[in-house]
Amino acid sequence: MPLVGTREMFKQAYDGGYAVGAFNVNNMELLQAIADAGHEERAPLILQVSSGARKYARREYLTHLVRAAVETYPDLPIALHLDHGDTFELCQACVDDGFSSVMIDASHFPFDENVALTKKVVEYAHRHNVPVEAELGALTSTSDEPGAREAVYTDPDEAKKFVELTGIDSLAISIGTSHGAYKFKGEPTLDFPRLERIQALLPGFPIVLHGASSVPKNLVDICNAYGGKLPGTRGVPEEFLARASKMAVCKVNVDTDLRIALTGAIRKVFAESPSEFDPRKYLGPARDAVREVVRGKVRLFGCAGKA
Ligand code: G3H
Ligand code: 13P
Ligand code: ZN
């Protein structure tokens with residue numbers, strides 16, 4: 001099976017009341033871990049590549065590694081997505097490279113400029129039948145005060161207008177998630193009423209949740225037990241993600257949890273076997289740890305068993 005577009009995946013996810021996991025790929029071990037987990041759990045997968053990943057692993061290597069995963073699991077629906085594309089040229093290059101989905105992230109620009117750049121990407125990508133994700137709102141958590149939230153979270157009316165003006169296929173929104181391992185200052189909260197309003201204004205339209213790692217204590221503890229320094233981490237509680245996945249959220253982005261799992265497993269080998277220098281002896285357990293995390297995620301998002 002060739003790469004699958006996200007349009008088909010999202011239609012099924014929306015109708016089925018689940019979300020597809022989107023996992024960041026930077027190297028072979030991460031890719032194998034994600035693909036193996038998808039295969040074991042019979043879960044559709046979105047493999048996503050950031051501009052940094054593309055520079056690190058180099059575009060030819062990444063493209064061929066992803067092709068190898070698709071050939072290894074020909075029955076598994078796999079999409080290849082550009083994560084946080086920041087220029088028209090990068091989106092164009094990824095469309096030309098055969099990506100089956102791209103994101104243009106112009107959310108840091110004023111509304112009109114965000115619309116203009118997003119529209120330009122949509123025009124190009126749609127000519128090649130590639131769906132486009134864009135973002136509206138600033139990805140950060142803030143206090144409960146309505147004024148504070150209005151300043152950064154996605155405005156539902158603007159979201160509707162943005163979708164109509166740009167012709168995008170999915171929208172990343174801000175309702176309190178953020179990237180990395182330190183997501184909340186106080187108690188974690190997501191603005192579910194806002195998500196409900198967006199869903200009501202855009203019925204049937206796929207919503208994307210970035211910054212959705214849960215930063216699980218057990219993974220952080222492994223890192224810290226073997227020399228890591230990750231104090232006071234805070235992720236998105238799993239029950240929030242399960243709830244959002246049943247709503248309009250069709251894509252849930254996870255990178256940080258994979259990084260922490262990988263790093264913890266490597267730290268453990270280094271600490272317990274300081275004379276070990278065969279990379280397979282620490283990258284192997286690291287790959288296993290990432291695979292188990294991805295298996296847990298796809299079950300949580302409800303996409304296990306859907307492929
Ligand atoms: O949202 C960002 C992803 O975690 C990718 O991060 O730009 O460091 O590859 P990166
Ligand atoms: P996390 O940092 O929460 O894993 O989010 C990843 C992400 O949104 C990638 O686009
Ligand atoms: Zn993101």
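Both counts, for ligands and for their atoms, begin at 1 and track the order of listing. Everything numeric in this text was worked out from a predicted model, so none of it was measured.
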Asks: Between ligand 2 and Val254, is the shortest N or O to N or O distance under 3.5 Å?
Replies: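 No, since none of the N or O atoms of Val254 sits under 3.5 Å from an N or O of ligand 2.
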Asks: Quick check: Ser50 and ligand 1, any N/O pair under 3.5 Å apart?
Replies: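 Yes - when backbone and side-chain N and O of Ser50 are compared with those of ligand 1, one distance drops under 3.5 Å.
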Asks: Closer than 4.0 Å to some heavy atom of Asp255 - which atoms of ligand 1 meet that?
Replies: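 Reading through ligand 1 atom by atom, the close ones are 3 (C), 4 (O), 5 (C), 6 (O).
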Asks: Tell me, please: is Lys183 in heavy-atom contact with ligand 2, that is, under 4.0 Å?
Replies: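 It does, in that a heavy atom of Lys183 comes within the 4.0 Å cut-off of ligand 2.
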Asks: Which class fits the ring pair Phe301 and Phe23: parallel under 30°, tilted 30 to 60°, perpendicular over 60°?
Replies: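 Correct class here is parallel.
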Asks: On the 0 to 90° scale, with breaks at 30° and 60°, tag the Phe240-Phe192 ring pair as parallel, tilted or perpendicular.
Replies: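 Ring orientation, 0 to 90° scale: perpendicular.
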Asks: Without hydrogens or angle criteria, can the side chains of Asp169 and His126 be said to hold a donor-acceptor pair below 3.5 Å?
Replies: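 There is such a pair between these side chains.
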Asks: Starting from atom 7 (C) of ligand 2, locate the nearest protein heavy atom and write down its residue, its atom name and how far away it is, to 0.1 Å.
Replies: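 Nearest protein contact, heavy atoms only, for atom 7 (C) of ligand 2 is His179 CD2, 3.4 Å.
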Asks: In this structure, does ligand 2 have an atom that sits under 4.0 Å from one of the heavy atoms of Gln48?
Replies: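 It does, in that a heavy atom of Gln48 comes within the 4.0 Å cut-off of ligand 2.
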Asks: Considering Arg259, His179, His84 one by one, which has a heavy atom nearer to atom 10 (P) of ligand 1 than any of the others?
Replies: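 Checking each option, the heavy atom nearest atom 10 (P) of ligand 1 is found in Arg259.
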Asks: Please confirm whether Gly52 comes under 4.0 Å of ligand 1, counting heavy atoms of the residue only.
Replies: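 Distance cut 4.0 Å: Gly52 fails for ligand 1.
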Asks: For ligand 1, does Asp83 get within less than 4.0 Å through its side chain, its backbone, both, or neither, judged by non-hydrogen atoms?
Replies: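 For Asp83, only side-chain atoms sit under 4.0 Å from ligand 1.
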Asks: Please write down residue, atom name and distance for the protein heavy atom closest to atom 2 (O) of ligand 2.
Replies: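 Answer, as residue, atom name and distance: Thr256 OG1, 2.6 Å.
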Asks: If you measure every N/O of Asn24 against every N/O of ligand 2, is any gap under 3.5 Å?
Replies: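 The answer is no, given that Asn24 and ligand 2 share no N or O pair closer than 3.5 Å.
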Asks: Are any of the N or O atoms of His210 closer than 3.5 Å to those of ligand 2?
Replies: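 Yes, since at least one N or O of His210 sits under 3.5 Å from an N or O of ligand 2.
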Asks: Considering only protein heavy atoms, which is closest to atom 8 (O) of ligand 2, and at what distance to one decimal place?
Replies: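 Among all protein heavy atoms, the one nearest atom 8 (O) of ligand 2 is Gly211 N, 2.8 Å.
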Asks: Would you say the ring centroid of Phe270 lies under 6.0 angstrom from that of Tyr226?
Replies: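 When the ring centroids of Phe270 and Tyr226 are compared, they turn out to be at least 6.0 Å apart.
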Asks: Atom CD of residue position Glu187 - does it have more than 12 heavy atoms of other residues, nucleotides or ligands inside 6.0 Å?
Replies: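 Not buried by this count: 12 neighbours or fewer within 6.0 Å.
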Asks: Under a 4.0 Å heavy-atom limit, does Thr256 contact ligand 1 with its side chain, its backbone, both, or neither?
Replies: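 It is neither; nothing of Thr256 touches ligand 1.
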Asks: Between Thr118 and Thr166, is there a side-chain donor-acceptor contact under 3.5 Å, judged purely by atom types and distance?
Replies: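 No, no side-chain donor-acceptor contact under 3.5 Å.
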Asks: Identify, for atom 9 (C) of ligand 2, the protein heavy atom at the shortest distance, and state residue, atom and that distance.
Replies: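 Ranked first by proximity to atom 9 (C) of ligand 2 is Asp83 OD2, 3.2 Å.
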